[in-house]
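Notes follow once the structure below has been shown.
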Amino acid sequence: MIRNSTGLHIPEPAHRPGEQPDFSHITVPPAGSVGRPPVDVDPRAIRDCAFQMIRVLDDDGKVCGQWDPGLSAAELVAGLRAMMLTRAYDTRMVRVQRQGKTSFYMKSTGEEAVAVAAAMALRRDDMCFPTYRQQGILIARDWPLVEMMNQVYSNSRDRLKGRQMPIMYSSREAGFFSISGNLGTQYSQAVGWAMAAAADGNDRLSAAWIGEGATAEGDFHYALTFASVYQAPCILNIVNNQWAISSFSGIAGGEVTTFAARGLGFGIPSLRVDGNDFLAVHAVTSWAAERARSGLGPTLIELFTYRVEGHSTSDDPTRYRPASEASVWPLGDPIERLKQHLIVSGHWSEDRHEALRKELDEEVRAAGKLSESYGTLKEGDRWPAATMFDDVYREMPPHLRAQRRQAGV
Amino acid sequence: MIRNSTGLHIPEPAHRPGEQPDFSHITVPPAGSVGRPPVDVDPRAIRDCAFQMIRVLDDDGKVCGQWDPGLSAAELVAGLRAMMLTRAYDTRMVRVQRQGKTSFYMKSTGEEAVAVAAAMALRRDDMCFPTYRQQGILIARDWPLVEMMNQVYSNSRDRLKGRQMPIMYSSREAGFFSISGNLGTQYSQAVGWAMAAAADGNDRLSAAWIGEGATAEGDFHYALTFASVYQAPCILNIVNNQWAISSFSGIAGGEVTTFAARGLGFGIPSLRVDGNDFLAVHAVTSWAAERARSGLGPTLIELFTYRVEGHSTSDDPTRYRPASEASVWPLGDPIERLKQHLIVSGHWSEDRHEALRKELDEEVRAAGKLSESYGTLKEGDRWPAATMFDDVYREMPPHLRAQRRQAGV
Amino acid sequence: MPSMSMIEAINSAMDVALARDPDVMIFGQDVGFFGGVFRATEHLQQRYGKQRVFDAPISEGGIIATAIGMGAYGKRPVVEIQFADYIYPATDQIVSEAARLRYRTGGEWWSPITIRSPYGGGIYGGQTHSQSPEGIFTHVAGLKTVIPSNPYDAKGLLIAAIEDDDPVLFFEPKRLYNGPFDGHHDRPVQSWAGHVDAEVPAEHYAVPLGKARTVRAGDEITILAYGTMVHVALCAAQESGIDADIIDLRTLIPLDLDAIVESVSRTGRCVIVHEATRTSGFGAELAALVQEHCFFALEAPIERVTGWDTPYPHAFEWEYFPGPQRVGEALKRVVSI
Amino acid sequence: MPSMSMIEAINSAMDVALARDPDVMIFGQDVGFFGGVFRATEHLQQRYGKQRVFDAPISEGGIIATAIGMGAYGKRPVVEIQFADYIYPATDQIVSEAARLRYRTGGEWWSPITIRSPYGGGIYGGQTHSQSPEGIFTHVAGLKTVIPSNPYDAKGLLIAAIEDDDPVLFFEPKRLYNGPFDGHHDRPVQSWAGHVDAEVPAEHYAVPLGKARTVRAGDEITILAYGTMVHVALCAAQESGIDADIIDLRTLIPLDLDAIVESVSRTGRCVIVHEATRTSGFGAELAALVQEHCFFALEAPIERVTGWDTPYPHAFEWEYFPGPQRVGEALKRVVSI
Ligand SMILES: Cc1ncc(C[n+]2csc(CCOP(=O)(O)OP(=O)(O)O)c2C)c(N)n1
Ligand SMILES: Cc1ncc(C[n+]2csc(CCOP(=O)(O)OP(=O)(O)O)c2C)c(N)n1
Ligand SMILES: [Mg+2]
Ligand SMILES: [Mg+2]
């Protein structure tokens, strides 16, 4: 409990640039310490889960406790591959942005498990409503890298016709709803999608992601309210990566409680999970999916993770947090942790890892070359300028036809 | 836990017109069953309070348990008087609305304790941000009835210059913030007021009220978020009177949890109280006020009560709920309960009660006559029409001066 | 042909839509069991079941957001915002999402949603039950805005709006729900019974979006109006004895510019009437377009007769409302130039 | 006199306001320790303390709501909406509350708040970092809308806005933060250094709201512009060789109608330029007013050169942006009639 001794309380992070980074205020419970309730548990019986942390992998890469999702080695390697590919893709995209080939980019470094493990735990016909930091979903669903790059370059093959800023992907085919630049709006839309699926009586579900920062938007509240009232079959993920641009999670309300706790007020089962633990993320997502498909309603999941890089290519995080913060983050790196697990369980080796890394780099490079051949933001082909008047409406109304004429395009 | 066996779950109230009203699903714990924690309790230690119900008066009118606010007989009689005056006022105002003397009215019947007991537990320099159903605050603060009526009549003495619909009172002097027709907006504003007070380092607080229905608005979420982040000195009241026009509280999310529980996700101490129990409302408000003044931050209070009358004079509740619902409401009537308590404790009698009722009716009648002498909506004096152009801005800009000229008023 | 009030016609439109298309879903505050505070959805839940017609939380933002999500799934949601004054909490979802979804996805997703909402004054609703916010939405590319003035159009336009694959704001002049209203608030209320535009087919039909209708042919001056103001304009023309060509726009976006230009080119004079505040109201766009397209035909400045640039004041609503007298005076002024 | 960029001038305005008035409080997303994503509030938290300059949750509605509450208490809040595109979640609090509080309480309460927000395109921000939503707010009685075009005005107008007791929307043309921009995006970026309007006093001064400024005197045609478009208009006039009278409106509401009427009455021709979508943009209001007040002086239809009625497309922003060529062509068309 906080006492406003000197006026208004303004939350402050534990450390600022120039200071020694210190995460000792973060409690990391041992892997396996949280039990796995049956999916039809009374939500009231598991309120504590919102304050604990579900972890499967311990520091030695061993699997602990009831939340082991029981994945095969092949599945785990597929997960590792998708996370590594996501990271390789991010790395290249930042490079091309720095080269001026596009305007903007956002990495998901350190948060790959959040997207990849969830996507693997869902069915392909479940609909994802992501934010801009879950590119891993598309990659886990084998959506072609070149399609993603075409969007980033706004080139002639960009399915979004050059209209969206980079990384605002959309793919109906991959069950990946159009990313919005407006924070939070997808969260409540996802609940509507789930309500429609329920009304149709089928067992599809929707999954939505939101940053801990954006939980302060009204849409977060709408989502929880509607999900609770109509018991919509949806999974509401909160990606708590500790930062919202320059604001630490305390500015979003994370100082005095957890983000998982937000679900308690709506009677929604709410789990808090180690977001850098591929197995744990997979397990809780599966649990939530089973609930949704069984007609048991929504689940809220807080994924506790860390934004390793700057917010975007426009950001310089050393202005507001110690540069070395990432290195002391207590939950490690999701790729390293899954790799270690695969190695200690005898399914992987440093050599195979290195070989895969190179292969993926090459895959990204090849896709990049192909995509660049279709144009980049400032060079090469793009959609004809006249198309900028299309798709405002299903049919172009007279005033837009007139404007297209005036534009002379 | 609810299973969507046949598609989308749509909450339904326990009974509809033509059915026997039945409140057996509502658990009413015995008075005195909830302990009173110290004001500096760790909010985490009292999460259960959000699911219990603080009650002081038992069915026999006796005081039970730790939440007895220890009020003097004089204070209790003052509370009874204010509640009775509120009811008498409401009765007359509906009558004059039916006579066509104004356009609209809203009663607070059965919910008088929510407003009156809270107002009496606060300081006069605390700022209230009410909804349209807390007229009892003004009455408890001795704001003249005739001022209130002038507003309802939009007459020549209406301090709001005929601009607001009836019952949208405003009184800076009485610490009663302007009521908005837009639900919920006052709730988040109240937090801003409290933040300002905290920044000034003084010990004033703000108190806000919202209906359970309106908790679904974004402003509710903004209020809890900002109150939690900045630990603002405010009291956030949710008046759960079971209905929002024709929608029962399940449509607002009350089917699977309580409204007090909403605060848990923000680490805000959250209490649920029998809203028809004057003593209980007074006690929890005092507790919350002490917290706020001590720099301990916000408190959320769910006031469990019942909307005895129609939503407003435009509503006919028999279309959506059994007419006899009110008579079986398990928490009784706040005025009757306080009266009974005063009688059993030897400070009151049926005769004094009846005498007071008559006196208050007379007071209301006299105020009504006076106010009507200043005009009613459709007859008598009102503000000059030209004043409708005032106060849009502090100084009238040229375009409004021109429009006033055009209006020829 | 049955005679229907405007509220009955609106109810009938939704009834028809629910019956024809299993993807139509209707929700909003109090629209389920109760049938809506204005009774627009009366009996629909009873007829089509709770899963297709249901109550929503008091959360305009959530209502539009979930409607967009349902639309993305493949449903065709029709939602009610209880009063147009309460649409603002949903602005972001309407403006940033529904309006732009088709564009930003290159046509991969869209929002086939209809947002119904009673608008306008004249019922002593004060500043929060009287607003006409249509102008704001006409500024947003990707939205359509429709406002009927009579039962026949209300049903046909609402069906067209529901069947339209773009997001449509359907503002209903609440003062016309139960009868035509010419602005003479002190005269006895009229009923739609017997009115020619109240003959409404029980079955399905559509009035196409984007087509205006001449409600009175005349040569002296053009009046552009929509919703309640169509009736006020008719009354003003009659009372002033001025031979006005009165165009009921019916759809603001897309606008039937041809009909406007044809008329003003002929009459050379134009008065625009709406109830919303004047500055940056849709009348501004109309005036801008008319002067642009009919400049050399115009013989007098275009006048706007509108609500004043103040909130809608409870006790002064008839001073605020642009009634037949104000319109008539404008007509006289403009024709005398 | 120091030379300041626009962002420095804006920072200086807040610095001065914080120093002079202890009731000024500044908050918004990332404005505290970090100093804002555009650095508008740099050093202010360090200088005035965390209680007066602080970060806010990502909740535009909550930011405006709490600002209104602080204003009711007696503070003078200045808040930042990180991009104007993100103002929509706060629409209800701005439109229904801040704008109407004084009116609905008969002057008992008011909202002395200033809402700063970067607006406009030209930075490849796509449809959610490029919008110009000013037109919407000019429709709402009770709000003031201010848009500076240079450092000197930015500081003086922002100080005036902060000191004003009405709610002011202060839209900052982000493309001008670090240098003037005439729309020639393919030419080297310019800096404010050496620009005559970049000489900004370090101390307090105010540029009054409601007063336009003639930035170029001319006789052939009037150009009405604000924000970035002032520079585009100047460039277009120069390049087309047309002797334009260019008025920088500076304040949209209250509008300096006298200055406009004076100019158009003299030139007889008018082109209006803004970056926002055309339909129902503020240009519509300007056109409506100009034809109303200068009808007999007008020799040609008023033209609007604006953003198209589409969202702002990422890869086509220069086709969308109303650059000097489009403005120049309009000037030529209008003077040749
Ligand atoms: C409605 C809205 N407000 C503000 C922004 C600007 N903005 C973009 S990202 C961001 C931070 C988001 O933080 P968080 O939700 O924690 O997600 P993260 O970036 O950490 O993944 C902000 C403030 C926006 N895009 N939309
Ligand atoms: C933003 C907004 N949406 C809708 C309404 C219409 N409306 C007025 S009162 C009401 C019901 C409110 O119910 P509740 O919050 O439970 O308060 P109660 O009337 O029970 O006191 C509704 C829907 C409104 N005034 N404002
Ligand atoms: Mg974050
Ligand atoms: Mg209620």
Side-chain angles (χ1 to χ4, degrees), chain A residues 6-13 16 102-104 153-155 158 160-166 168 180-185 211 213-219 244-248 251-253 311 314-315 319-320 375 377 382-383 385 387-392 397 399-400 403-404 406-407 409, chain D residues 25 27 29-39 42 45 49-63 82-83 85-86 88-90 92 123-130 186 277-279 305-320 325-326 329-330:
Chain A
T6 51
L8 186 61
H9 172 73
I10 309 290
E12 266 297 313
R16 285 292 192 190
T102 189
S103 55
F104 179 81
Y153 286 135
S154 283
N155 68 19
D158 172 14
L160 309 186
K161 306 183 185 171
R163 296 188 189 138
Q164 279 274 52
M165 268 180 86
M168 304 274 174
S180 176
N182 300 66
L183 290 173
T185 48
T215 61
E217 291 286 2
D219 281 297
I245 310 184
S246 77
S247 299
F248 88 116
I251 295 295
H311 172 70
S314 312
D315 183 39
R319 299 189 83 128
Y320 50 79
L377 180 60
R382 48 174 202 161
W383 283 73
T387 61
M388 72 184 261
F389 293 96
D390 295 341
D391 302 321
V392 181
H399 70 284
L400 277 173
Q403 290 183 16
R404 187 176 56 186
Q406 287 164 30
V409 286
Chain D
M25 289 174 80
F27 60 108
Q29 294 154 27
D30 302 293
V31 310
F33 184 86
F34 186 50
V37 295
F38 289 102
R39 333 254 7 101
E42 195 162 21
Q45 182 179 78
K50 286 199 300 169
Q51 307 229 342
R52 295 189 62 203
V53 182
F54 53 90
D55 289 333
I58 303 177
S59 177
E60 291 76 12
I63 289 171
Q82 200 163 79
F83 286 86
D85 315 61
Y86 303 139
Y88 303 114
D92 192 42
I123 61 157
Y124 277 112
Q127 57 184 306
T128 57
H129 302 85
S130 307
D186 38 4
T277 50
R278 177 173 307 171
T279 299
V305 187
T306 67
W308 307 115
D309 283 327
T310 77
Y312 218 114
H314 179 248
F316 301 100
E317 78 174 12
W318 299 119
E319 284 80 4
Y320 183 92
Q325 201 197 325
R326 272 173 63 202
E329 284 161 11

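All chains are named by letter (A, B, ...) in the order of the sequence lines, taking the proteins before the strands, and each is independently numbered beginning at 1.
Heavy-atom distances place the side chain of D:Q82, and not its backbone, under 4.5 Å from chain A. Of the two parts of A:L377, only the side chain, counted from C-beta on, holds a non-hydrogen atom closer than 4.5 Å to a non-hydrogen atom of chain D. Only the side chain of A:L400 comes within contact range of chain D, judged by heavy atoms closer than 4.5 Å. Residue contact with chain A, scored on non-hydrogen atoms closer than 4.5 Å, involves the backbone of D:D85 exclusively. Heavy atoms of A:H399 lying under 4.5 Å from chain D belong exclusively to its side chain. Proximity to chain A (any heavy atom under 4.5 Å) is shown, for D:Y320, by both the backbone and the side chain. For chain A, no part of D:R326 is nearby; none of its heavy atoms comes within less than 4.5 Å. Residue contact with chain D, scored on non-hydrogen atoms closer than 4.5 Å, involves the side chain of A:R16 exclusively.
A:E217 and D:P89 make their closest contact through OE1-CB, 4.0 Å (heavy atoms, listed as atom of the first residue, atom of the second, distance). Looking at every heavy atom in both residues, D:I58 comes nearest to A:A214 through CD1-N, 4.0 Å. The shortest heavy-atom contact between A:G181 and D:T128 is CA-OG1, 3.6 Å. Between D:P313 and A:M388, the closest heavy-atom pair is CG-CE, 4.0 Å. Taking each heavy atom of A:S154 and D:A315 in turn, the nearest pair found is CB-CB, 3.7 Å. What you find for D:D30 and A:S246 is that their closest heavy atoms are OD1-OG, 2.6 Å.
Distance alone, capped at 3.5 Å, is enough to place a donor-acceptor pair between the A:Q403 side chain and the D:D309 backbone.
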(request) Begin with the C-alpha distance, continue with both residues' side-chain angles, and end with the deciding distance and a verdict on side-chain contact (heavy atoms from CB on, under 4.5 Å) for A:M165 and D:Q127. (result) CA-CA 8 Å; A:M165 268 180 86; D:Q127 57 184 306; over 6 Å; no
(request) Begin from the C-alpha positions of D:F316 and A:V409 and carry the test side-chain contact (heavy atoms from CB on, under 4.5 Å) through to its verdict. (result) CA-CA 11 Å; D:F316 301 100; A:V409 286; over 6 Å; no
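The OG atom of D:S59 lies 11.0 Å from the CG atom of A:L183; values are rounded to the nearest 0.5 Å. Residue D:F38 holds its CZ atom at 8.5 Å from OG of A:S314, rounded to the nearest 0.5 Å. Going from atom OH of D:Y88 over to atom CG of A:N182 covers 8.5 Å, rounded to the nearest 0.5 Å.
In terms of heavy-atom pairs under 4.5 angstrom with chain D, the leader among A:N155, A:I10, A:T102, A:V392 is A:I10. Across D:F83, D:W308, D:F34, the residue that shares the most heavy-atom pairs under 4.5 angstrom with chain A is D:W308.
Under 3.5 Å, the side chains of D:H314 and A:S103 contain a donor-acceptor pair of N or O atoms.
The closest side-chain heavy-atom distance from D:K50 to A:E12 is below 4.5 Å.
Take D:E329 and apply the salt bridge (charged side-chain N to carboxylate O under 4.0 Å, His left out) test, not counting sequence neighbours, and it matches no residue. Considering only residues two or more places apart in sequence or on other chains, A:D391 meets the salt bridge (charged side-chain N to carboxylate O under 4.0 Å, His left out) condition with A:K161, A:R163.
The distance between the ring centers of D:F33 and A:Y320 does not fall below 6.0 angstrom.
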